[in-house]
Student: 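Below is the structure I would like to discuss, written out as structure tokens.
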Amino acid sequence: MLWKKGKKELPRDYQKERLAMVEEQLRRRGISDSRVLEAMGKVPRHLFVLDDYRDSAYEDRPLPIGEGQTISQPYMVAIMTQSLELKGRERVLEIGTGSGYQTAILAELAEKILTIERIPTLTERAKKVLGDLGYPNISFRSGDGSRGWPEEGPFDGIMVTAGSPDVPPTLKSQLAEGGRLVIPTGPRFTQTLYRLTRRGNHFAEEDITGCVFVPLVGDYGWEEK
Ligand code: SAM
């Protein structure tokens, strides 16, 4: 991509924009996990957005990715990831692959990522981008992620990147002891981001922040409209 400075056309410096995003949108707003900051300073977000939005990739907002879906705002990706408290050895289930950007961040920080997307064209596009970037530790599935991926559980972390009316019991049951589940729940057009931590059959619940996500559509989410 080129941008104009005076009369000259210069290549756009995505790395510089990415590092400014990390400083201004993440560190300054309280994201403190150095591994999360490092991963978000490394993963080329501009490769995950539609061509028309490439030059907006590092802006402080969600962007359309086609099929009526969005890639989340960088800050939301960071706070959700930080909430999982990944150390590097975890198996993580992600529901809502979307563009694959959040998947890449998780793949930088954990041992194995399993990701489910209900719209097959998005799965295929994400698979291609993540394959080209060379991530060896991601498994993809197309289908209803509100049911989880029981054959592959339990998971040390589960992240749901779409808004659900309630926490699906299927996902709670697939969480490992001490594991964390991060999920936006609430009404269809505005939710609260929660973290649930499993202690035996008890789930400690924390309210992280208000948020707005596209709906989780499926058996344990919303009905398709
Ligand atoms: N994390 C993604 C990224 O980095 O681009 C953004 C995800 S977008 C906010 C939410 C995604 O969840 C959409 O792609 C949508 O199709 C998907 N989705 C909604 N309901 C789903 C379900 N039941 N199972 C799997 N994916 C679902």
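The shown structure was predicted, so the numbers you read here are calculated from the model rather than taken from an experiment. Scope of the values below: all heavy atoms of this structure, side chains included, with no hydrogens, waters or symmetry mates. Whatever order the structure lists them in is the order used to number ligands and atoms, beginning at 1. For this chain, numbers begin at 1 and follow the sequence in order.
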Student: Just by modelled atom types, is the Phe213 backbone N or O under 3.5 Å from a matching donor or acceptor in the Gln191 side chain?
Tutor: yes

Student: To check your reading of the model: name the closest protein heavy atom to atom 27 (C) of ligand 1, its residue, and the distance in Å.
Tutor: Arg118 CG, 3.6 Å

Student: Does an N or O anywhere in Phe213 fall below 3.5 Å from an N or O of ligand 1?
Tutor: no

Student: I'd like to check which ligand 1 atoms, numbered from 1 as shown, lie under 4.0 Å from a non-hydrogen atom of Gln102.
Tutor: 1 (N), 4 (O)

Student: What protein heavy atom sits nearest atom 2 (C) of ligand 1, and how far away is it?
Tutor: Thr97 O, 3.5 Å

Student: In terms of residue, atom name and distance, what is the protein heavy atom nearest to atom 20 (N) of ligand 1?
Tutor: Val217 N, 3.0 Å

Student: How far is atom 12 (O) of ligand 1 from the closest protein heavy atom, and which atom is that?
Tutor: Gly96 CA, 3.3 Å

Student: For atom 8 (S) of ligand 1, what is the closest protein heavy atom, and at what distance to 0.1 Å?
Tutor: Thr70 O, 3.1 Å

Student: Below 3.5 Å, can you tabulate the donor-acceptor pairs from side chains in residues 62-69 to any protein atom, sequence neighbours excluded?
Tutor:
from	atom 1	to	atom 2	distance (Å)
Glu67	OE2	Thr121	OG1	2.8
Gln69	NE2	Glu67	O	3.3

Student: If two hydrophobic side chains count as joined below 4.5 Å and joins carry through other members, does Met80 share a cluster with Leu216?
Tutor: no

Student: Short question: side chain of Arg147, backbone of Thr170 - any donor-acceptor pair under 3.5 Å?
Tutor: no

Student: What protein heavy atom lies closest to atom 7 (C) of ligand 1? Include the residue and the distance to one decimal.
Tutor: Thr161 OG1, 3.3 Å

Student: Please state which protein non-hydrogen atom is closest to atom 14 (O) of ligand 1 and give its distance, to 0.1 Å?
Tutor: Glu117 OE1, 2.7 Å

Student: Out of curiosity, is Pro215 lining ligand 1, as in a heavy atom under 4.0 Å away?
Tutor: yes

Student: Name the closest protein heavy atom to atom 5 (O) of ligand 1, giving the residue it belongs to and the distance to 0.1 Å.
Tutor: Ser99 OG, 2.6 Å

Student: So, 4.0 Å and heavy atoms of Thr103: is ligand 1 close enough to count as a contact?
Tutor: no

Student: Under a 4.0 angstrom heavy-atom cut-off, which atoms of ligand 1 come close to Ile116?
Tutor: 25 (C), 26 (N)

Student: Looking only at heavy atoms, is any part of Val214 under 4.0 Å from ligand 1, and if so is it the side chain, the backbone, or both, or is it neither?
Tutor: side chain

Student: Is it true that Arg147 lies under 4.0 Å from ligand 1, counting heavy atoms only?
Tutor: no

Student: On a heavy-atom basis, which atom in Gly98 and which in Ala126 lie closest, and how many Å separate them?
Tutor: O-CB, 3.8 Å

Student: Check each atom of ligand 1 against the heavy atoms of Leu122 and keep those under 4.0 Å away; list them by number with element.
Tutor: 14 (O)

Student: In terms of side-chain geometry, is the basic nitrogen of Glu152 or Arg141 positioned less than 4.0 Å from the acidic oxygen of its partner?
Tutor: no

Student: Residue-level breakdown please: for Glu94 versus ligand 1, do any non-hydrogen atoms fall below 4.0 Å on the side chain, on the backbone, on both, or on neither?
Tutor: side chain

Student: Side chain or backbone, does Ser72 bring an N or O within less than 3.5 Å of an N or O on ligand 1?
Tutor: no

Student: Should the pair Glu90-Arg180 be classified as a salt bridge under the 4.0 Å nitrogen-to-oxygen rule?
Tutor: no

Student: Is Leu86 reachable from Val43 through a run of I, L, V, M, F, W or Y residues, each pair having side-chain heavy atoms under 4.5 Å apart?
Tutor: yes

Student: Distance from Ile208 atom CD1 to Arg195 atom CZ, nearest 0.5 Å?
Tutor: 5.5 Å

Student: Where on Leu216 is there a heavy atom closer than 4.0 Å to ligand 1, on the side chain, on the backbone, on both, or on neither?
Tutor: both

Student: Is the shortest N/O to N/O distance between Gly145 and ligand 1 below 3.5 Å?
Tutor: yes

Student: Within the supplied structure, the quantity of interest is the number of heavy atoms (other residues, nucleotides, ligands) at a distance under 6.0 Å from Glu177 CD; does it exceed 12?
Tutor: yes

Student: Within the 4.0 Å heavy-atom shell around Ile119, which atoms of ligand 1 are there?
Tutor: 16 (O)

Student: To the nearest 0.5 Å, what is the distance between CG (Asp13) and CD (Gln15)?
Tutor: 6.5 Å

Student: How would you list all residue pairs meeting ring-ring contact (aromatic ring centres under 6.0 Å, His included) that involve residues 108-132, not counting sequence neighbours?
Tutor: none

Student: Are Tyr58 and Arg18 linked by a side-chain donor-acceptor pair shorter than 3.5 Å?
Tutor: yes

Student: Should you measure from each heavy atom of Gly143, which atoms of ligand 1 turn up under 4.0 Å away?
Tutor: 24 (N), 25 (C)

